[in-house]
**Q** 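Sharing a structure, written as structure tokens. Questions coming.
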Amino acid sequence: METDRDDGRSPSQLRPLSCARNVLCRAHGSASWSQGDTKVLAAVYGPKAGTKKNENPEKACIEVIWKPKTGQIGKLEKEFEMILKRTLQSICILTLNPNTTTSIIVQVVNDDGALLVCAVNAACAALVDAGIPMKHLAVAICCCLAEDGYVILDPTKLEEQKMRGFACLVFPNSVASVLPEGSSHVEGEPMEHGIITSVTHGVMSVEEYLKCLERGRAASAKLSDFLRRSLQSQLPSDSSKAA
Amino acid sequence: MGVPDASGDLSSEMEVDAFRRLFPLRYFERHLSESIRPDARPLGRARDTTLALGAVASAHGSALAKIGSTTMLAAIKMEVMTPSTDSPDEGCIAIDFHMPPICSPIVRPGRPAEVAPVISKQLSDTISSSSMINLKELSLVSGKAAWMAYLDIYCLDADGALLDAALLSAVAAFSHLQIPIVSLNDDGKIVLVSEEDEGAKLEEPVNKEKRKLTLSSIPFSLTCILHKNYILADPTAEEESIMETLVTVVLDSSARLVSFYKPGGSVLAYTSTVQDCVALTRQRVKELQEILDEAISGMEID
């Protein structure tokens, strides 16, 4: 029988999503994203003049600053900063504004599981709000692996701790614009099935990881639709109803 | 594709070294199309790996691992501590990864390297989730005393694939670890028994039989670069700086996946790529297991 979850969700049911854009007036772009009780606020400043040290002056530089809910940043936050930075670097068009820095500040409002994926989604919405040129959007999803091999999606903090392992996956969203024939498929797989970022915890078999991938891809299509819909509502008054 | 074409014309009239510096990506792609890398390795081959156990005499366990010229020195120091009330019969492992300025021109004195805390975190995640070490074995007296293992890894030369080398040196240091003998004194405190007065002491040592840790399902990792359709195993620092998509796969000795780590990068990994990377890692795990076994048996003969 299917695994019962504490909050009565089915294994592949996500928590209620909400996304609000333009929530901060001083930032060039901002967004808040919440999945159930996990909520993250992201602000984008830039492109600002000058790159950081040791960066390529021919490309735009991306800087991520992670602010935890309480306390100092530790190794975990440093790791999140690095993952987020590399993920965003791969979706932004860096050659358009060379020798500039774009700062993304991520503030955790509340952590109830799937924090990293929430931050990726929030940062992505904030980048759109700031008008930073991007190749495509990214959608992130967290898959948990239960003891009996079932995959559950979008876990709460409690579920994350109970489970054998989990995988945070980031996929590109499906491109709606017209593309040349064949370019949206690579080796027989649509582009949105390619992994941008994958971070896993806990031991699993390779088959179980592939199962997580499959379930994550299916859910990322739904998330991608939600992201697109909430970004299309242009006016702040429209998007504020989601919050 | 304007620039690569221009470089293509120049390649015939330019010195190789100049071409390598001016058009590094094009230089690499020319090699890749011939299924070879500039250091004469096939795409899927890792660099020569050596392992020396017991490199630090003052530590309780240590190892020096070299993958190509990437060098890692790992050392473990054991200390007695009071276990936390949540887990009274478990010891603890603290892992720290250091990148001193000597390891790479990118690291400047006084400013810690950006990647050091990230690798440190990945190492502790990998070692704890692979359950290689049973923390219960580090317990001495339940609720009273347990071992705290301080594992410090120093990167002496950072030439790519840092996590692979760091994990190998960590695993080797744990397999070399000799737990010191301790005994309970009259006040109920744990004291170290030194080698000389071992016979003189009347108290029974607490851990006479438990001098070695049993390591189950040892994790080994392989970092690969994805570039177009090519997969390059065990990249050097130069390759990492030119082609940016890195994937690190960690498998344990029973071929279970401990971690599939891909932090961004412009190349997307499809199912076939995932399987190819895992297959390369499977091969590498066998190699590394042999190297580790050889190093351990070499120690036993001495």
Side-chain angles (χ1 to χ4, degrees), chain A residues 52-54 56 62 73-92 94 120 135-136 138 145 164-172 185-210 212-214 217, chain B residues 95-97 105-108 111-126 128-132 217 219 226 228-229 241 244-252 254-275 277-279 281-282:
Chain A
K52 284 182 21 176
K53 256 190 186 157
N54 301 323
N56 188 349
I62 287 190
I73 69 164
K75 282 178 186 165
L76 180 70
E77 286 77 16
K78 287 262 181 209
E79 193 192 12
F80 283 168
E81 275 183 1
M82 174 79 85
I83 293 168
L84 204 51
K85 181 181 150 184
R86 299 240 180 112
T87 305
L88 297 176
Q89 264 175 345
S90 66
I91 59 168
C92 291
L94 299 172
V120 172
K135 284 184 254 181
H136 47 73
L145 203 62
R164 188 151 59 95
F166 65 92
C168 294
L169 303 165
V170 183
F171 299 101
H185 278 68
V186 181
E187 291 169 30
E189 283 190 274
M191 193 189 88
E192 59 263 33
H193 281 191
I195 310 163
I196 301 178
T197 297
S198 155
V199 181
T200 68
H201 281 268
V203 178
M204 55 184 94
S205 68
V206 178
E207 288 72 36
E208 283 167 332
Y209 177 73
L210 293 176
C212 280
L213 271 185
E214 196 186 298
R217 278 168 184 156
Chain B
I95 299 172
D96 220 346
F97 179 75
I106 300 166
V107 186
R108 304 290 296 271
R111 204 178 331 147
E114 237 186 350
V115 292
V118 178
I119 291 178
S120 178
K121 174 80 179 33
Q122 274 180 277
L123 273 175
S124 30
D125 280 352
T126 309
S128 67
S129 66
S130 71
S131 60
M132 169 178 77
S217 60
L226 306 184
K228 296 192 174 157
N229 290 326
S241 68
E244 284 165 346
T245 313
L246 290 170
V247 177
T248 302
V249 185
V250 186
L251 293 178
D252 67 11
S254 43
R256 288 178 308 168
L257 190 73
V258 179
S259 158
F260 189 95
Y261 185 75
K262 178 182 187 288
S266 50
V267 181
L268 304 172
Y270 296 94
T271 311
S272 57
T273 327
V274 172
Q275 277 159 340
C277 286
V278 170
T281 313
R282 278 209 183 105

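In what follows, every chain begins at residue 1, and chains take the letters A, B, ... in the order their sequences are listed.
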**Q** Sort out for me which of V203(A), L88(A), L84(A) touches chain B most, counting heavy-atom pairs under 4.5 Å.
**A**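 Of the options given, most contacts go to V203(A).
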**Q** Roughly how far, to the nearest 0.5 Å, is the NZ atom of K78(A) from the CD1 atom of I119(B)?
**A**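 I119(B) CD1 to K78(A) NZ: 14.0 Å, rounded to 0.5 Å.
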**Q** Side-chain contact, heavy-atom cut-off 4.5 Å: L268(B) with F171(A)?
**A**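 No - every pair of side-chain heavy atoms lies 4.5 Å or more apart.
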**Q** Side chain from CB out, backbone as N, CA, C, O: work out which of these in V199(A) comes under 4.5 Å of a heavy atom of chain B, or both, or neither.
**A**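 Both backbone and side chain.
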**Q** In Å and rounded to the nearest 0.5 Å, what is the NE2 to OH distance from H201(A) to Y261(B)?
**A**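 The NE2 atom of H201(A) sits 9.0 Å away from the OH atom of Y261(B).
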**Q** Main chain of G264(B), side chain of T197(A): is a donor-acceptor contact present, judged purely on distance under 3.5 Å?
**A**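 Looks like yes, one N/O pair under 3.5 Å.
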**Q** With no hydrogens and no angle check, is any side-chain donor or acceptor of K262(B) less than 3.5 Å from a backbone partner on I195(A)?
**A**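 Checking the backbone N and O of I195(A) against the side chain of K262(B), a donor-acceptor pair under 3.5 Å is found.
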**Q** Does the pair M82(A) and K121(B) meet the rule for a side chain to side chain contact (heavy atoms under 4.5 Å, CB included), with working shown?
**A** CA-CA 12 Å; M82(A) 174 79 85; K121(B) 174 80 179 33; over 6 Å; no
**Q** Please identify which of these residues, V274(B), V249(B), V278(B), meets the side-chain contact (heavy atoms from CB on, under 4.5 Å) condition with V206(A).
**A**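 Exactly one option meets the side-chain contact (heavy atoms from CB on, under 4.5 Å) with V206(A), and it is V278(B).
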**Q** Where does V258(B) contact chain A at under 4.5 Å (heavy atoms): side chain, backbone, both or neither?
**A**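 Contact with chain A is through both the backbone and side chain of V258(B).
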**Q** So, for F260(B) and T200(A), which heavy atoms are closest and what is the spacing to 0.1 Å?
**A**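 In terms of heavy atoms, the two residues are closest at N-OG1, 2.9 Å.
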**Q** Between S90(A), S198(A), G194(A), A138(A), which has the largest tally of heavy atom pairs under 4.5 Å with chain B?
**A**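 Between S90(A), S198(A), G194(A), A138(A), the count favours S198(A).
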**Q** If you count heavy-atom pairs within less than 4.5 Å of chain A, which of T245(B), V118(B), V267(B) leads?
**A**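 Most heavy-atom pairs within the cutoff with chain A belong to V118(B).
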**Q** Do K75(A) and I95(B) pass the side chain to side chain contact (heavy atoms under 4.5 Å, CB included) test, and can you show the C-alpha distance, the side-chain angles, and the key distance before you say yes or no?
**A** CA-CA 11 Å; K75(A) 282 178 186 165; I95(B) 299 172; over 6 Å; no
**Q** Of the backbone (N, CA, C, O) and the side chain (C-beta and beyond), which part of M204(A) lies under 4.5 Å from a heavy atom of chain B, both, or neither?
**A**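 Both backbone and side chain.
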**Q** Highest number of heavy-atom pairs under 4.5 Å with chain B: which of L213(A), I91(A), L169(A), L76(A)?
**A**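 Top option by heavy-atom pairs under 4.5 Å: L76(A).
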**Q** If I measure from the heavy atoms of chain A, does V115(B) come under 4.5 Å with its side chain, its backbone, both, or neither?
**A**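 Contact with chain A involves both backbone and side-chain atoms of V115(B).
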**Q** Which region of Q275(B), side chain (C-beta onward) or backbone (N, CA, C, O), has a non-hydrogen atom less than 4.5 Å from a non-hydrogen atom of chain A, or is it both or neither?
**A**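 Answer is side chain: those atoms of Q275(B) sit under 4.5 Å from chain A.
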**Q** Just wondering, do K135(A) and S266(B) contact through their side chains at under 4.5 Å, heavy atoms?
**A**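 S266(B) reaches K135(A) side chain to side chain.
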